[in-house]
There are 2 protein chains.
Amino acid sequence: MKYSIDHKSPVPLHVQVEELLRKLIIQDEYQNGRVLPNEVELAKLLAISRTTLRQAINKLVYEGLLVRRKRAGTKVNQSTVSSKSNNWLSFSQEMKLRGINIKNFELHVTWVFPDEMLANFFEIKTDRKVLKMERVRGKNDGPFVYFISYFHPRIGLTGDEDFKRPLYELLEQDYSTIASLSKEEISAHAADELIAEKLQIKSSEPVLFRKRFVFDQGERPIEYNLGYYKADSFVYTVESRR
Amino acid sequence: MKYSIDHKSPVPLHVQVEELLRKLIIQDEYQNGRVLPNEVELAKLLAISRTTLRQAINKLVYEGLLVRRKRAGTKVNQSTVSSKSNNWLSFSQEMKLRGINIKNFELHVTWVFPDEMLANFFEIKTDRKVLKMERVRGKNDGPFVYFISYFHPRIGLTGDEDFKRPLYELLEQDYSTIASLSKEEISAHAADELIAEKLQIKSSEPVLFRKRFVFDQGERPIEYNLGYYKADSFVYTVESRR
DNA sequence: TTTTACAATATGTACATACATTTGCACAAC
DNA sequence: GTTGTGCAAATGTATGTACATATTGTAAAA
């Protein structure tokens, strides 16, 4: 295993270490239950201070990936790993898997100025245009989801891409942008006029609303996605262990 | 405000500071959006080192209670109630963390015969009674969730337990039943008569519906839980990596 | 054989310190 | 006015050090 940390890299040491450990854990270098070398040793091995190492470990502990116990050492909590590192399919891939034939009812791409919040998330100025994609998708019997996506200008999308291809495949293959972390917020709302029209329901009818923040491997923001799902047409499933 | 930290207390300084900050935030000493004193000042004020202070702040940042930005300072982010999929806190614990005072509007316990589906999940016969708990909980300004829970008879609950205690703590400490895996399904619905009445909303208003299947360490079923959340009062957050 | 006591070990707590980086703001130059 | 430029203020990164505390394993005592 390559315990290589670049002291001259602009990316902080503790981040490098965090990534390294995460990789080792996921790639089963340190499988379930395995304890890693003690802090003093590991710090020496990586040629960093114990403080910095602890900083990295702390984050993984917060995430539940590692468990620390005095005298017993720091060990991998593999149960959480499996449930986290799996299922990451684009919408169309997921639907295909479930045997549902997806129809695009609407697909609209424009360039817009981000609002305060979006600019903040993308870490750009509000006068820098971003690509906005709206789409309404569903089955033969009608639409059931209305998506709005914003893409970070860094990616280099022109707006002329073939958005009928699975999105994350497109980003990965043509723009070497790999979606690797997503933070989602799910809630229920009453549909407003716009949503109701898009989903062909009455306004004030319930919708499942999903906000999705997508990051690349360096935890840099790449997409902000809003999804409005017709009630009863979509169930979100989560599996978690402790 | 009492900025008092006990340097002789056996409870670690950074924990004391964390608690103090949490309290100040919750009691609106530092309301939403307010920035707190800069780290160097605050450390001096509390008579602790900046390192220790940062340790405390870090935890609150991780929890999402605080947001740090260079030059702009550290500010309070008292957003809507949320639930993290991983770190497994009971409802009351989670609310306590957020500084929300939970009120029980209704708490009702009975023994019932399980329906087909439940019997199937619990792997028992339909003539074996199970404990059913219903509760309506919320804040001072009204209820925002209606829970229905069914517990596996194996656990040994009598129905006379103090259900005001955090549930998973009760199961663990008094019945050595450890909830360790949960599978959840989240969707949006329109409230029916019953739900509307419990949540004090109009029927057909949107609710977030969460089904939860809980298992113990041996992956044996222990609880089946239904939760109806008033729209906009609850946001479910999920973080996933690939 | 079981219990007790102790030492070794790994993490936990806490401090002081130094320099880097980002960014908000003010003021000067255009 | 707008643009640039630089200072200052805040967090971010990183190290070295010292001692505390919990727990495991082992050896001695009962």
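In what follows, every chain begins at residue 1, and chains take the letters A, B, ... in the order their sequences are listed.
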(request) To the nearest Å, give me how far apart NZ (Lys59(A)) and C1' (dT13(D)) are. (result) 14 Å

(request) Specify the separation, in whole Å, of atom NZ of Lys8(B) and atom C1' of dA20(D). (result) 18 Å

(message) Less than 3.5 Å apart, any donor N or O on the side chain of Asn58(B) or Arg68(B) sitting next to an acceptor on the other?
(response) yes

(message) Tell me the closest heavy-atom pair linking Thr110(A) and His108(A), and the distance in Å.
(response) CG2-CE1, 3.8 Å

(message) Here's a test of your reading of the structure: between Thr51(A) and Glu41(B), which maps to the more 5' nucleotide of DNA chain D?
(response) Glu41(B)

(request) Report the distance from atom CG of Leu53(B) to atom P of dA14(C), rounded to the nearest whole Å. (result) 12 Å

(message) Treating primed atoms plus P, OP1 and OP2 as sugar-phosphate and everything else as base, which nucleotides of nucleotides 5-13 of chain C get B, S or - for protein heavy atoms under 4.0 Å?
(response) ---BBBBBB

(message) Taking CD in Glu19(B) as the centre, count heavy atoms belonging to other residues, nucleotides or ligands within less than 6.0 Å. Is the count above 12?
(response) yes

(message) Distance check needed: dT23(D) P versus Lys75(A) NZ, whole Å only.
(response) 13 Å

(request) Work out which heavy atom in Glu18(B) is nearest to a heavy atom in Leu60(B); give both atom names and the distance. (result) CG-CD2, 4.0 Å

(request) Using a 4.0 Å heavy-atom cut-off across all strands, classify Thr52(B) as base, sugar-phosphate, or nothing. (result) sugar-phosphate

(message) Ignoring hydrogens, what is the shortest heavy-atom contact between Asn225(A) and Ser149(A)? Give both atom names and the distance.
(response) ND2-OG, 2.6 Å

(message) Would you call the rings of Phe147(B) and Tyr229(B) parallel, tilted or perpendicular, taking 30° and 60° as the class edges?
(response) perpendicular

(message) If you assign each of Pro10(B) and Ala47(A) to its closest nucleotide in DNA chain D, which residue comes earlier from the 5' end?
(response) Ala47(A)

